[in-house]
Amino acid sequence: METIKTMGRDSVYAYKCNVADREEVLRVAKKVKEEVGDVTILINNAGIVFVKSFLNQSPDEIIRVIDVNVIAHYWTLKAFLPNMIKKNHGHIVAISSVAGLFIGCYGTVYSPSKFAIKGNSTTYFTIIEKEVCVCVCVCV
């Protein structure tokens with residue numbers, strides 16, 4: 001960010017946020033709106049993985065993967081989508097993974113979480129696009 005600013009680009013901002021924490025997402029979203037203005041592009045790209053077999057993953061690790069990889073998408077949509085609809089303008093990108101299309105022995109939590117993004121985004125993007133936004137789900 002500082003490198004970009006040294007190039008004369010002052011409109012660069014960074015915010016730290018635990019996207020799995022609904023209250024923090026809403027708090028940071030409010031701060032962004034106050035300091036920068038309306039968010040018109042939302043890219044949901046957070047994702048974590050624990051490379052372990054299913055039986056070797058702790059309950060806390062499983063919950064963390066689902067919270068970050070799936071539930072966080074709902075919190076960011078709740079935070080930014082209403083204003084996009086109100087302004088009749090917005091773009092949403094949900095980053096998934098090809099791991100959501102194929103499964104391996106160490107992907108028993110991660111792969112279904114990425115499959116959920118593809119399924120969820122297909123569902124809510126169909127509804128959202130009728131409202132206002134251009135929406136895309138990318139499997140990388």
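Here the structure is a predicted model, which is why all the values come from computation and not from measurement. Note: hydrogens, waters and symmetry copies are ignored here, and every other heavy atom, side chains too, is used.
Nearest heavy atoms, Lys114 versus Ser96: O-OG, 2.8 Å. Nearest heavy-atom pair, Ala72 versus Ala20, reported as atom, atom and distance to 0.1 Å: CB-N, 4.3 Å. Contact record, Phe50 with Ile48: CE1-CD1, 4.1 Å, taken as the closest heavy-atom pair. Considering every non-hydrogen atom in both Ala29 and Ala79, the closest pair reads CB-CB, 3.7 Å.
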Problem set entry | Test side-chain contact (heavy atoms from CB on, under 4.5 Å) applied to Asn69 and Tyr110, step by step | CA-CA 8 Å; Asn69 296 7; Tyr110 178 78; 3.5 Å; yes
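Going from atom CD of Glu24 over to atom CG of Asn18 covers 5.0 Å, rounded to the nearest 0.5 Å. Interatomic distance, CG of Asn120 versus CG of Asn44, reported as 11.0 Å (0.5 Å rounding).
Linking ILVMFWY residues whenever their side-chain heavy atoms come closer than 4.5 Å, directly or via other members, leaves Phe115 and Val109 in distinct clusters.
Inter-residue side-chain proximity for Ile92 and Phe80 is flagged as unmet; no heavy-atom pair is nearer than 4.5 Å. When side chains are defined from C-beta on, His73 counts as touching Ile117, because their heavy atoms get closer than 4.5 Å.
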Quick one: side chains of residues 61-68, donor-acceptor pairs under 3.5 Å with protein atoms, not counting sequence neighbours, listed by atom name and distance.
unit_1: Glu61; atom_1: OE1; unit_2: Lys52; atom_2: NZ; d: 3.1
unit_1: Glu61; atom_1: OE1; unit_2: Ser58; atom_2: N; d: 2.9
unit_1: Glu61; atom_1: OE2; unit_2: Lys52; atom_2: NZ; d: 2.7

Return all side-chain donor-acceptor pairs below 3.5 angstrom for residues 31-39, not counting sequence neighbours, or 'none' if the list is empty.
unit_1: Lys33; atom_1: NZ; unit_2: Asp38; atom_2: OD1; d: 2.5
unit_1: Glu35; atom_1: OE1; unit_2: Tyr15; atom_2: OH; d: 2.7
unit_1: Asp38; atom_1: OD1; unit_2: Asn83; atom_2: ND2; d: 2.8
unit_1: Asp38; atom_1: OD2; unit_2: Lys87; atom_2: NZ; d: 3.4

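A search for side chain to side chain contact (heavy atoms under 4.5 Å, CB included) contacts involving Thr108 returns Phe54, Gln57, not counting sequence neighbours. When the side-chain hydrogen bond (donor to acceptor under 3.5 Å, both in side chains) test is applied to Asn56, the partners found at least two apart in sequence or on another chain are Ser53.
Listed by first and then second residue, the salt bridge (charged side-chain N to carboxylate O under 4.0 Å, His left out) pairs involving residues 69-85 amount to none (not counting sequence neighbours).
Each of Leu42, Val28, Leu26 was scored for a side chain to side chain contact (heavy atoms under 4.5 Å, CB included) with Thr76, with one residue passing: Leu42.
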